[in-house]
J.: 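Just dropping this structure here.
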Number of protein chains: 2
Amino acid sequence: MLSTITGSPAAPSGPVLEPRPPRSLDDDANRRASQRIGEALQLLARTLNPQRRVVRAGDTIYQSGEAFSHLYVLNSGICKLMSLSADGREQVVGLKFRGDWLGFSGIAKGRYVCDAVVMDVGEVWAIRYDALLAACGRHPELMGLVHEAMSGEILRDRDSMMSVCTLPADARVADFLRDWANNLACRGLRTDQISLCMTRAEIGNYLGMTLETVSRALSRLAKQALICFPEKGRRDIGIPDVGRLEAYVQRCLTPVGHTLQ
Amino acid sequence: MLSTITGSPAAPSGPVLEPRPPRSLDDDANRRASQRIGEALQLLARTLNPQRRVVRAGDTIYQSGEAFSHLYVLNSGICKLMSLSADGREQVVGLKFRGDWLGFSGIAKGRYVCDAVVMDVGEVWAIRYDALLAACGRHPELMGLVHEAMSGEILRDRDSMMSVCTLPADARVADFLRDWANNLACRGLRTDQISLCMTRAEIGNYLGMTLETVSRALSRLAKQALICFPEKGRRDIGIPDVGRLEAYVQRCLTPVGHTLQ
DNA sequence: CGATAGATTGAGTAGGGTCAAAGTTTGTGG
DNA sequence: CCACAAACTTTGACCCTACTCAATCTATCG
């Protein structure tokens, strides 16, 4: 029973056998996305026999400056990419989830140019880059996968850029939460209660604002009931309705009409 | 006479035959970079026989939403990437110069996700993506080239992100000019006088600030003699010393100590 | 030589940064 | 298991940077 039933007028009055909450198109898309990620991981496992390693919060997968040799794929867990420029600036420039690749930015320079730091326990697969190149020659679908992953990373970076450049602080935080929830949803995980495993300082650094502003933004979003905090602790965040968060972000744009010229 | 002469103490007193201004390590690096770009283009021309097209300011190379089929490489000219989100926000998300690839972000989605608009006359090479994949199988060095280009794009996007997130407006504009000059230098072009071929509005949009702020920042930089305007018109910008611009950007960081925590 | 797109500059304002003081968690060692 | 310390979070007050609105000036192109 996958197709949506377009409201038969004479619905049964008792809520007991109420059909499950509308399985939306999004749910379908998410399920497909999740499946694709699983298949991609299987393809990697099959063709490359990657070296698996269990990692826990705080572990470093690679560090800026090290000679580039491997790409990594997250089989599970969450990871942040920290870029530190020559002059000492430090910034979280990316967040990675199951199925995401790590280390692409090292290819061009022959060295890793950021630190990949684990934020939540998981398993990471190491893939020798030279072996990958060789395998790509034999398996065109593998090359497609790699290109798609790199292309996707470029896409996501641009979305971040857009968010940072065009959204006010509150909306940026809302968009961040929406994006995180979205990432979970695409991997078949529930999104009504997410645990960020990042400090306010890290979030702020990622979004280009101070930790105080993040804290205030979260408080304001909570006041509007767009998010809510569980009784104990404020690290976990409840998102009653991702759609409303999305709508909020939209609303922040309409007044300003942020087109060029 | 390419190697640098390490100051013989008894230098001739007359300035007439003064050895040319010190050819720095940077110059060397730039020459190598320029050569690499040339060689990459030759490799492409040799292995892929790309379709060449002369383009002029305002031309569109591809548009958001079109089915993805080709990648493009700029043989000359300058090009901007305009991303427009579903909700109508529009942003310049990238600038491309000779040797740069266009269209990577379309691979993941099967459609182009931004507009590529020419800003300065040049020649663009169109490369069918399927032909490229096939050729990559036959020519490993070609695959290396493509990966390097994608990796480089990821790198540059992150640098932009960093600049937007950690620099105040004036420094961001300075950094933008530095980057532009650097792009020219890497291609063997002179950098003391650059012509931006972008309006203040476009620059501001790219840097995440208003056109007024760009204008004011340029005026302030000019007041400090970090840049200068030629007598007629303010579209061209003179950069007497890129190093001083770079130093200025640095100075903006020291007071704040922008590390995490 | 007007018309129009673009650039500059000023005045006023507000969003977000800085600094500071509590309040909460979390973790560690007795 | 409790107590204390360290790390993290929240909230307030103040201020500054960059945005908005507006007027003026400059280039460019019919």
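Lettering follows sequence order; numbering is per chain, from 1. Model, not experiment: these values are computed from the prediction.
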J.: Which heavy atom of B:C186 sits nearest to which heavy atom of B:I37, and what is that distance?
T.: O-CD1, 3.9 Å
J.: Once you build an axis from the first five pairs and another from the last five of the helix from C:dC1-D:dG30 to C:dG30-D:dC1, how far apart in angle are they, to 10 degrees?
T.: 50°
J.: Is the number of heavy atoms from other residues, nucleotides or ligands under 6.0 Å of B:Q193 CD greater than 12?
T.: yes
J.: I'd like a list of close polar pairs between nucleotides 21-27 of chain D and the protein, N/O only, cut-off under 3.5 Å.
T.:
from	atom 1	to	atom 2	distance (Å)
D:dC21	N4	B:E212	OE2	3.1

J.: To the side chain of A:T199, which of C:dT9, C:dT8, D:dC8 is closest?
T.: D:dC8
J.: Does a side-chain N or O of A:R235 approach OP1 or OP2 of C:dT25 to a distance below 4.0 Å, or not?
T.: no
J.: Parallel, tilted or perpendicular: which one describes the rings of A:Y72 and A:Y112, with boundaries at 30° and 60°?
T.: tilted
J.: Can you tell which of C:dA7, D:dT9, D:dC19 lies closest to the side chain of B:T210?
T.: D:dC19
J.: Grab the two heavy atoms, one from B:L184 and one from B:I194, that are nearest each other, plus how far apart they are.
T.: CD1-CG2, 3.4 Å
J.: B:L167 CG to D:dA18 P: how many Å, rounded?
T.: 10 Å
J.: Mind running side-chain hydrogen bond (donor to acceptor under 3.5 Å, both in side chains) on A:T166 and B:R89 for me, showing each step along the way?
T.: CA-CA 8 Å; A:T166 63; B:R89 282 175 290 170; 2.9 Å; yes
J.: Enter the distance from B:R220:CZ to B:Y248:OH here, rounded to the nearest 0.5 Å.
T.: 7.5 Å
J.: Measure CG/A:L211 against C1'/C:dT18 and give the value in whole Å, please.
T.: 11 Å
J.: Specify the separation, in whole Å, of atom CZ of A:R220 and atom P of D:dT10.
T.: 12 Å
J.: Please step through side-chain hydrogen bond (donor to acceptor under 3.5 Å, both in side chains) for the pair B:R98 and B:N75, ending with a clear verdict.
T.: CA-CA 5 Å; B:R98 167 175 159 84; B:N75 181 46; 3.1 Å; yes
J.: Check whether any side-chain heavy atom of B:L167 lies under 4.5 Å from a side-chain heavy atom of B:M162, and answer yes or no.
T.: no
J.: Considering only side-chain heavy atoms of A:F229, which listed nucleotide, D:dT20, D:dA18, D:dT10, is closest?
T.: D:dT10
J.: Taking side chain as C-beta onward, heavy atoms only, is A:I237 less than 4.5 Å from A:W180?
T.: no
J.: Grab the NZ-P distance between B:K223 and C:dT8 for me, whole Å please.
T.: 13 Å
J.: Given C:dG17, is OP1 or OP2 found less than 4.0 Å from the side-chain N or O atoms of A:T213?
T.: yes
J.: Measure the distance from CZ on B:R200 to P on C:dT9 and round it to the nearest whole Å.
T.: 10 Å
J.: Could you state the atom-to-atom distance from CD1 of B:I237 to P of C:dA7 in whole Å?
T.: 10 Å
J.: Between A:R172 and C:dG16, is there a contact of a side-chain N or O with OP1 or OP2 at under 4.0 Å?
T.: no
J.: Looking at the side chain of B:P168, which of D:dA18, C:dT8, D:dT10 is the nearest nucleotide?
T.: D:dA18
J.: Do any pairs count as a ring-ring contact (aromatic ring centres under 6.0 Å, His included) and have a residue in residues 198-218 of chain A, sequence neighbours left out, and if so which ones?
T.: A:F176-A:Y206
J.: What's the CD1-C1' distance between A:I203 and C:dG16, to the nearest Å?
T.: 17 Å
J.: Rounded to whole Å, please give me the gap between CG in A:D236 and C1' in D:dT9.
T.: 15 Å
J.: Is there a side-chain contact between B:S215 and the phosphate of C:dT9, meaning an N or O under 4.0 Å from OP1 or OP2?
T.: no
